[in-house]
Novice: 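Encoded as structure tokens, here's the structure I'll be asking about.
Just so we're clear, the structure is a prediction, and the values are computed from it rather than from any experiment. Chain letters run A, B, ... following the sequence lines, proteins first, then strands; residues in each count from 1. As a basis for the values below, the full set of heavy atoms in this structure was taken, side chains included, without hydrogen atoms, waters or symmetry mates.
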Amino acid sequence: MAMASGSGCSASSTTCSRRPATNAYFPLLIPESFLHKEAQHVEGFAPEAAVVTHGGGKKLDEPLIIRPTSETIIYTMFAKWVQSYRDLPILMNQWANVVRWEMRTRLFLRTTEFLWQEGHTAHVTHDEAEEEARRMLGVYRDFMEGWIAMPVVTGQKTDSERFAGALRTYSCEAMMQDNKALQAGTSHNLGQNFSRAFDLKFQSESGSTEFAWNTSWGVSTRMVGGMVMTHGDDVGLRVPPLLAPIELVIVPIYRSDVERSLVLEAAERVRHSLCEWDRRESSRLRVHIDARDGMKPGAKYYEWELRGIPLRLEIGPRDLANNQGVLVRRDTREKRPVSLDVLGEDVSETLSRMQRDMLAVALERREANSVRERISYDRFRQFMDAEGGFVYSGWCGDPACEAQIEDDTKATIRCLPDEEFRSAEAPTTCLRCDRAATSEAMWAKSY
RNA sequence: CGGGGCGUAGCGUAGCCCGGUAGCGCGCCUGCUUCGGGAGCAGGAGGUCGCUGGUUCAAAUCCAGUCGCCCCGACCA
């Protein structure tokens, strides 16, 4: 999860010439008054704030909030650091634990404390901030699709789902195997809301005093839950190769002590040659030999499958006689004999193929459970009540209509999808009220 | 905060109605045989039955209180 440092170029980014974000760390405890400076922000986060009221055995003059997010403390500092347009843009990233006292928790998806990455930037113009917010959404998308093999729909949030204090919120929405949507990452154009609240001003090239334009963006350990619920099957986890701590596990098979030493010796040779194999720049294949004694090979197979390790190589006496092993893919459970001589290339290619296949399978499943044709409201209600999925339809833009649909079905507008996800023919009327559609919306039940 | 449910060995549980020797599976230890899809046999270790009080000759079991956890709803990355 190292994509936020800004060192890479997003496939969907518009520029690559920007400075990467600086990694930083800001305090956990935030004076309560900071939170109150931006009206929308405090309204959104006050109900879920964990508050420190006592310290050193005494009641504090001013309570401290355990950060639910760090806009307020970071922009307080930005305001001190920025005087001139020459100080901008300023781009910072931090990994931090945050606390949000939600009424209900859900393992990985909504925990009281969670680890995340949050980025905060300040810019000279609205357009530059907008570009940054969009660019980071693309970086997140690239990571989710390229690494987690979890396809996402990107788009803009409606007012009702917008981040507290933001001008616009964009999100990545993934479909889990129960057809519910998971908001896997967000990026916000904060406009000048926070810069006005925190007096984050600069002198422009022409000499005038201006408020800066901010963005913030984040992804969390929720992505771990996304990976589990995107790829897991009845056998256990399926971890995409790029994320797997072990890419290939060698399971030796033997009876006698003599066989054992022969097989383990061969396994070690294979491991050594695979670790020499340059698969990615400055990265080696991650190989483990499961030499545990007193555990039968079958038991080891089940265990590594449960843990989702992408590839297993079985090596036994019969294989050694032929200078081969049996390679098994976790995703398809396909088994085939492989020559031990040319293993590096084979394993490397197989892992790459698995990474692509896992994304393709997930994408296919998402599309198979998406409705893009015109749908009546009655049929929509049935659909959300039964199998569920993503429904693309017109929306009149009226929040009341959006709220009514949620009341009726529990489904919400996950986003107003970006162009590439929209229907070939733009919907003309609203899903519920038949008024003219002002935009296309993607509806789903969500976590 | 409402509505359900559950606390018994490291983990999962039976027993509770109908009070009387705490049992099973997994895991763990020792030995032998095994080992190409979750090993078999033999022996063994491990329990203040969440906690407090009450009823009783006797409480895991009945009663009261209390603490903790899980699920469903309202809130949300």
Novice: Salt-bridged, A:Asp418 to A:Arg141, with N to O below 4.0 Å?
Specialist: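 A:Arg141 and A:Asp418: not salt-bridged.
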Novice: Pairs counted only when both distances fall under 3.5 Å, Watson-Crick or G-U: show me the 5' to 3' dot-bracket for RNA chain B, [ ] for pseudoknotted crossings and | for other-strand partners.
Specialist: (((((((..((((......[..)))).((((((.....)))))).....(((((..]....))))))))))))....
Novice: With distance as the sole criterion, do the side chain of A:Lys335 and the base of B:G37 form a donor-acceptor contact below 3.5 Å?
Specialist: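 Indeed there is one.
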Novice: Please name all residues satisfying side chain to side chain contact (heavy atoms under 4.5 Å, CB included) with A:Asn322, sequence neighbours left out, ordered by chain then number.
Specialist: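 Applying side chain to side chain contact (heavy atoms under 4.5 Å, CB included) to A:Asn322 gives A:Gln324.
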Novice: Between the base of B:G36 and the side chain of A:Arg255, is there any donor-acceptor pair under 3.5 Å?
Specialist: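 It does not, because no donor-acceptor pair links the side chain of A:Arg255 to the base of B:G36 below 3.5 Å.
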Novice: Scan for salt bridge (charged side-chain N to carboxylate O under 4.0 Å, His left out) pairs involving residues 388-408 of chain A, sequence neighbours excluded, and state none if there are none.
Specialist: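 For residues 388-408 of chain A: A:Arg381-A:Asp408, A:Asp398-A:Arg435.
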Novice: Within the supplied structure, the quantity of interest is the number of heavy atoms (other residues, nucleotides, ligands) at a distance under 6.0 Å from A:Arg255 CZ; does it exceed 12?
Specialist: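 Not buried by this count: 12 neighbours or fewer within 6.0 Å.
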Novice: Aromatic contact between A:His120 and A:Tyr75, with the criterion being ring centroids under 6.0 Å apart: yes or no?
Specialist: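 Here the rings of A:Tyr75 and A:His120 have centres that are less than 6.0 Å from each other.
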Novice: Of all of residues 440-447 of chain A, which get a heavy atom below 4.0 angstrom from RNA chain B, listed by number?
Specialist: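 Under 4.0 Å from RNA chain B: no residue of residues 440-447 of chain A.
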Novice: For B:U33 and A:Lys296 - does any side-chain N or O of the residue sit under 4.0 Å from the phosphate oxygens OP1/OP2?
Specialist: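 So the side chain of A:Lys296 is outside the cut-off, no N or O lying under 4.0 Å from OP1 or OP2 of B:U33.
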Novice: Hey, is A:Tyr301 stacking on B:G38? Ring centres under 5.5 Å, planes under 30°.
Specialist: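 No, A:Tyr301 does not stack on the base of B:G38.
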Novice: Here's one to test your reading of the geometry: is the NZ or CZ of A:Lys37 within 45 degrees of the ring axis of A:Phe34 and under 6.0 Å from its centre?
Specialist: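 Judged by the rule, A:Lys37 and A:Phe34 form a cation-pi pair.
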Novice: A:Arg292 near the nucleic acid: base, sugar-phosphate alone, or nothing, with a heavy-atom cut-off under 4.0 Å?
Specialist: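 No contact at all - A:Arg292 keeps every heavy atom at 4.0 Å or more from the nucleic acid.
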Novice: Between A:Arg110 and A:Lys300, which is nearer to the 5' end of RNA chain B once each is assigned its nearest nucleotide?
Specialist: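 First, find each residue's nearest nucleotide; the 5'-ward one identifies A:Lys300.
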Novice: Looking at A:Glu314 and B:G37, is any side-chain donor or acceptor paired with a base atom of the opposite kind under 3.5 Å?
Specialist: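 When only heavy-atom distances are counted, A:Glu314 does not reach the base of B:G37 through any donor-acceptor pair under 3.5 Å.
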Novice: Tell me which of A:Glu406 and A:Met295 sits closer to the 5' end of RNA chain B, going by the nucleotide each one is nearest to.
Specialist: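 So the residue in question is A:Met295.
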Novice: If a pair satisfies side chain to side chain donor-acceptor pair (under 3.5 Å) and one of its residues is in residues 42-53 of chain A, list it, with sequence neighbours excluded.
Specialist: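 Output for this query is empty, none listed.
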Novice: Quick one: salt bridge (charged side-chain N to carboxylate O under 4.0 Å, His left out) pairs with a partner in residues 153-164 of chain A, sequence neighbours left out?
Specialist: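 Output for this query lists A:Lys157-A:Glu161, A:Lys157-A:Glu173, A:Asp159-A:Arg162, A:Glu161-A:Arg414.
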